[in-house]
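Read through the structure below, which is laid out as structure tokens, and then see the notes.
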Amino acid sequence: MLFIKLKAKFRQPAFLGYYCRFDFIMCYSTSTSVRKQLEEFLGPEYTLGGYESFWAASGFDFPALPVLTGDKPFVVQMLQWGLIPTWAKNRESALQIRAKTLNARSETIFETASFRDAVSGQRCLVLVDGFFEWQHHGKTTQPYYIHLPGATPFAIAGIHSMWTDRETGEVTDSFSIITTVANKLMSDIHNLKKRMPLILDKDQWSAWLDPALTREQITAMMTPYPDGILEAFPVSKLISSRHKNVNVPEVQQRIDLVKPGLLEF
DNA sequence: CCAGACGTTGTT
DNA sequence: GTCTGG
DNA sequence: CCAGACGTTGTT
DNA sequence: GTCTGG
């Protein structure tokens with residue numbers, strides 16, 4: 001059994017932002033500077049509306065996260081993570097199903113009952129500047145934060161769905177993020193499952209949100225992010241905690257591995 | 001036919 | 001809503 | 001991933 | 001120890 005000892009060595013965060021652990025955790029940030037940073041990145045044609053940022057958000061909390069949809073591609077909307085299909089009969093079944101729809105596998109998305117309606121005409125983009133993934137060493141895990149150079153924001157591609165509660169009339173707009181096979185970096189980090197979120201740069205956003213896309217065109221966009229661009233560093237296991245508040249700056253602080261893990265970046 | 005599911009991740 | 005399992 | 005359960009009888 | 005639920 002291999003134990004990895006960790007020595008926390010905090011330094012100033014290189015940036016602020018929100019992120020999103022793609023499988024069942026995370027999205028980040030908090031200060032007004034983050035909003036400004038995103039505003040600058042998006043440019044004047046975008047409206048931030050009710051945009052809210054986090055240091056970390058767990059999928060199992062079903063948080064509302066900043067999303068662009070095909071209907072309003074230039075308006076940041078807060079949509080709920082955990083897609084509820086239109087056919088959910090009642091609140092109980094809606095809550096049950098959304099716990100299983102945090103991620104959608106790109107390989108089967110056109111066939112699965114929960115996703116196939118949304119993928120054709122209800123695509124969306126989840127705005128993040130990073131996400132977390134765990135590297136496995138025997139029985140232990142080491143979380144990493146994955147991001148672009150300079151904390152450049154990017155989007156995780158997703159699908160969304162409007163659900164109306166027939167008892168209350170309440171409408172919920174919710175989403176799933178799409179996963180694909182890992183690229184090289186993510187294969188090293190997510191060393192067992194070797195998956196990664198479908199990441200789209202800003203110049204691909206309008207194509208992804210175009211409602212006229214054919215199935216073939218959609219499939220063609222569902223590829224791993226190119227190698228050699230994403231960066232990663234190890235972070236404290238605070239991010240893995242279920243009961244502590246992980247929505248704090250510390251979750252994204254780099255730590256040094258006392259006994260180096262399988263990887264150094 | 002009806003009832004029940006409808007999903008992903010992970011096993012160094 | 002639609003498919004599957006019994 | 002972690003936290004928490006870890007069971008049976010009888011039921012519209 | 002191992003499975004399940006979130």
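Here is how names work: the chains are called A, B, and so on, in the same order as the sequence lines, proteins then strands, and each is numbered from 1. The analysis underlying the following values was restricted to heavy atoms, covering all of them including side chains, and did not include hydrogens, waters or symmetry mates.
As a whole-Å value, the separation of A:Glu133 CD from D:dC1 P is 9 Å. The CD atom of A:Gln135 sits 12 Å away from the P atom of D:dC1 (whole-angstrom rounding). The CG-P distance, from A:Asp117 to B:dC6, rounds to 16 Å in whole Å. One interatomic measurement links the two molecules: NZ of A:Lys194 to C1' of B:dT8, which rounds to 18 Å at whole-angstrom precision. Straight-line distance from the NZ atom of A:Lys89 to the C1' atom of B:dA5: 9 Å, rounded to whole Å. Nucleotide B:dT8 holds its C1' atom 13 Å from the CD1 atom of A:Ile109, rounded to whole Å. Atom P of nucleotide B:dA5 and atom CG of A:Leu95 are separated by 16 Å, given to the nearest angstrom. The NZ-P distance, from A:Lys237 to D:dC1, rounds to 10 Å in whole Å.
For the OP1/OP2 pair of B:dG7 and a distance below 4.0 Å, the side-chain nitrogens and oxygens of A:Ser114 include at least one atom meeting the criterion. OP1 or OP2 of B:dT9 sits under 4.0 Å from a side-chain N or O of A:Thr179. In terms of phosphate contacts, A:Arg105 brings a side-chain nitrogen or oxygen within less than 4.0 Å of OP1 or OP2 of B:dT9. An OP1 or OP2 oxygen of B:dT9 is reached within less than 4.0 angstrom by a side-chain nitrogen or oxygen of A:Arg195.
Considering only the side chain of A:Thr112, B:dG7 comes nearest among B:dG7, D:dC1, B:dT9. Listed nucleotides B:dT8, B:dG7, D:dC1 differ in distance to A:Ala113; the shortest reach to its side chain belongs to B:dG7.
Using a 4.0 Å cut-off between a side-chain N of Lys or Arg and a carboxylate O of Asp or Glu, A:Arg195 and A:Glu107 qualify as a salt bridge. Between A:Lys72 and A:Glu45 there is no salt bridge, since no side-chain nitrogen of the basic residue lies less than 4.0 Å from a carboxylate oxygen of the acidic one.
Of the C1' atoms belonging to D:dT9 and B:dC2, the separation is 26 Å, rounded to the nearest Å. Taking the P atoms as reference points, E:dT2 lies 15 Å from D:dG7, given to the whole Å.
The footprint of chain A on DNA chain C, defined by a heavy-atom cutoff below 4.0 Å, extends from C:dG1 to C:dT2.
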Task: Watson-Crick or G-U pairs under 3.5 Å in DNA chain D, rendered as dot-bracket with [ ] for crossing pairs and | for another strand - done: ||||||......
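Backbone-only engagement by A:Arg116 is indicated by non-hydrogen atom pairs under 4.0 Å involving sugar-phosphate atoms exclusively. Across all strands, A:Lys244 comes closer than 4.0 Å to no nucleic acid atom at all (heavy-atom distances). Within 4.0 Å (heavy atoms only), A:Ala104 reaches sugar-phosphate atoms of the nucleic acid but no base atom.
Listed here is the closest heavy atom pair of A:Ser106 and A:Ile178: CB-CG2, 3.7 Å.
The cationic group of A:Arg98 lies under 6.0 Å from the six-membered ring centre of A:Phe62 and within 45° of the ring axis, placing it in a cation-pi geometry. Cation-pi contact between A:Lys202 and A:Phe41: present, with separation from the ring centre below 6.0 Å and deviation from the ring axis of at most 45°.
The aromatic rings of A:Phe74 and A:Tyr46 sit perpendicular to each other, their planes meeting at more than 60°, with 30° as the lower class boundary. In this pair, A:His147 and A:Tyr145 present their aromatic rings parallel. The plane angle is below 30°, not in the 30 to 60° band.
No more than 12 heavy atoms of other residues, nucleotides or ligands lie within 6.0 Å of CD in A:Glu92, so this atom counts as exposed by the packing criterion.
Side-chain contact annotation: A:Arg105 with A:Thr179, donor-acceptor N/O pair under 3.5 Å absent. Using a 3.5 Å distance cut-off with no hydrogens or angles, the side chains of A:Thr69 and A:Gln77 do pair a donor with an acceptor.
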